[in-house]
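Below: the structure, in structure tokens.
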2 protein chains.
Amino acid sequence: MPVELTPSQALRLWHAVSLEQVRVDSRDLTLRQMAILLQIYLVPPPHTVRGLAATLGVTKPVITRALDTMGSLGLVDRVRDERDRRNVIIKRTVEGALYLEKLGDLIINQGRKL
Amino acid sequence: MPVELTPSQALRLWHAVSLEQVRVDSRDLTLRQMAILLQIYLVPPPHTVRGLAATLGVTKPVITRALDTMGSLGLVDRVRDERDRRNVIIKRTVEGALYLEKLGDLIINQGRKL
DNA sequence: GGCAAAAGAAACGCTTGCGTAACGATCGTC
DNA sequence: GACGATCGTTACGCAAGCGTTTCTTTTGCC
């Protein structure tokens, strides 16, 4: 079920959503952090630092720092993998789900307005 | 011509675009910077620091700093307003237009894949 | 038991961003 | 020509991000 957008619509959608998200929420995530957050919530677990680093094409410390920041914002959580204690499993949180739910609503509503 | 998206489609679109943009381009703009950039390119000029600050609901130094950064990336340019020399007019650049054109293509292509 | 490999975190020096407050330049008006 | 208002920038102290390198813990294999 593809979504067909004109060039103008595509950018206007991005514009409207970015603008409204900035106005509504003071948490100013970088594009990288946003990509990590969405990856965690939209792709089936488990998620590890190493896996996310590979998926995004960035180094591991980038992921560790992003998780530090988003963790302190309550958007994600970290748990040691008990089966292999070298790994850390990144967990979703209620607040993170809520954050993305609001973002989804924003995208839908701004899409309708185009 | 509204764009109707399901909640799943909306977030998957955001996910795919963010992820691909991170992989393709090392310039990691914040959501604020992205909103500023799109505002400049999609809304008719003139654009001033004061106007952008009001539109985004942030302070003026936030705009100044974002323009510093995006200016050094070549995405925007600044020119003194000769009619009222207190003002600064923010100008578009070829590189900025190219950046957004690529972003638009990305959105369109990822939308089609949904 | 010993040891290389792997995962994630921490350390380092640096850059960028923040909010608040102060500043210099310019304007309009008196 | 003086003066309050406006515009954008700069300064300040601090938090967060970067890439690279190093460290700690744990694993798997001999």
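- At whole-Å resolution of the value, CD1 in A:Ile63 and C1' in D:dC18 are 13 Å apart.
- Going from atom CZ of B:Arg27 over to atom P of D:dC18 covers 16 Å, rounded to whole Å.
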Each nucleotide of nucleotides 21-30 of chain C classed B (base within 4.0 Å of a protein heavy atom), S (only sugar-phosphate) or -, in 5' to 3' order, makes B----BS---
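- Taking atom CG on A:Asn87 and atom C1' on D:dT24, their separation rounds to 15 Å, with Å as the unit.
- Within residues 28-58 of chain B, the residues having any heavy atom closer than 4.0 Å to DNA chain C are, in order of number, B:Arg32, B:Gln33.
- Taken from CG in A:Leu52 to OG1 in A:Thr64, the straight-line distance is 10.0 Å, to the nearest 0.5 Å.
- Residues in residues 9-28 of chain A take part in these ring pair (Phe, Tyr, Trp, His ring centres under 6.0 Å) pairs, two or more places apart or across chains: A:Trp14-B:Trp14.
- Taking atom NZ of B:Lys60 as the reference point, atom C1' of C:dG19 lies 14 Å away to the nearest angstrom.
- Remark on DNA chain D: of its neighbouring residues A:Arg65 and B:Val88, the 5'-side contact belongs to B:Val88, judged by nearest-heavy-atom nucleotide.
- Put simply, the side chain of A:Val24 does not reach to within 4.5 Å of the side chain of A:Lys102, judged on heavy atoms.
- One interatomic measurement links the two molecules: CG of A:Asp77 to C1' of C:dG8, which rounds to 16 Å at whole-angstrom precision.
- Nucleic acid contact class of A:Thr69 (heavy atoms, under 4.0 Å, all strands): sugar-phosphate only.
- Nearest approach of B:His47 to B:Ile40, heavy atoms of both residues: NE2-O, 3.3 Å.
- Between B:Asp25 and B:Leu103, the closest side-chain pair of non-hydrogen atoms is not below 4.5 Å.
- Remark: B:Arg78 is in phosphate contact with D:dT9, judged by side-chain N or O atoms under 4.0 Å from OP1 or OP2.
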task = Start with the C-alpha gap between B:Tyr41 and A:Leu11, add the side-chain angles, then the distance that decides, and say whether side-chain contact (heavy atoms from CB on, under 4.5 Å) holds.
result = CA-CA 10 Å; B:Tyr41 280 81; A:Leu11 287 179; over 6 Å; no
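- Atom CZ of B:Arg50 has 12 or fewer heavy atoms from other residues, nucleotides or ligands within 6.0 Å.
- The shortest distance between side-chain heavy atoms of B:Ile89 and B:Asp81 falls below 4.5 Å.
- B:Met70 has its CE atom 13 Å from the C1' atom of C:dG17, to the nearest Å.
- In this structure, B:Val76 and B:Lys91 have side chains that are not in contact, with every pair of non-hydrogen atoms separated by 4.5 Å or more.
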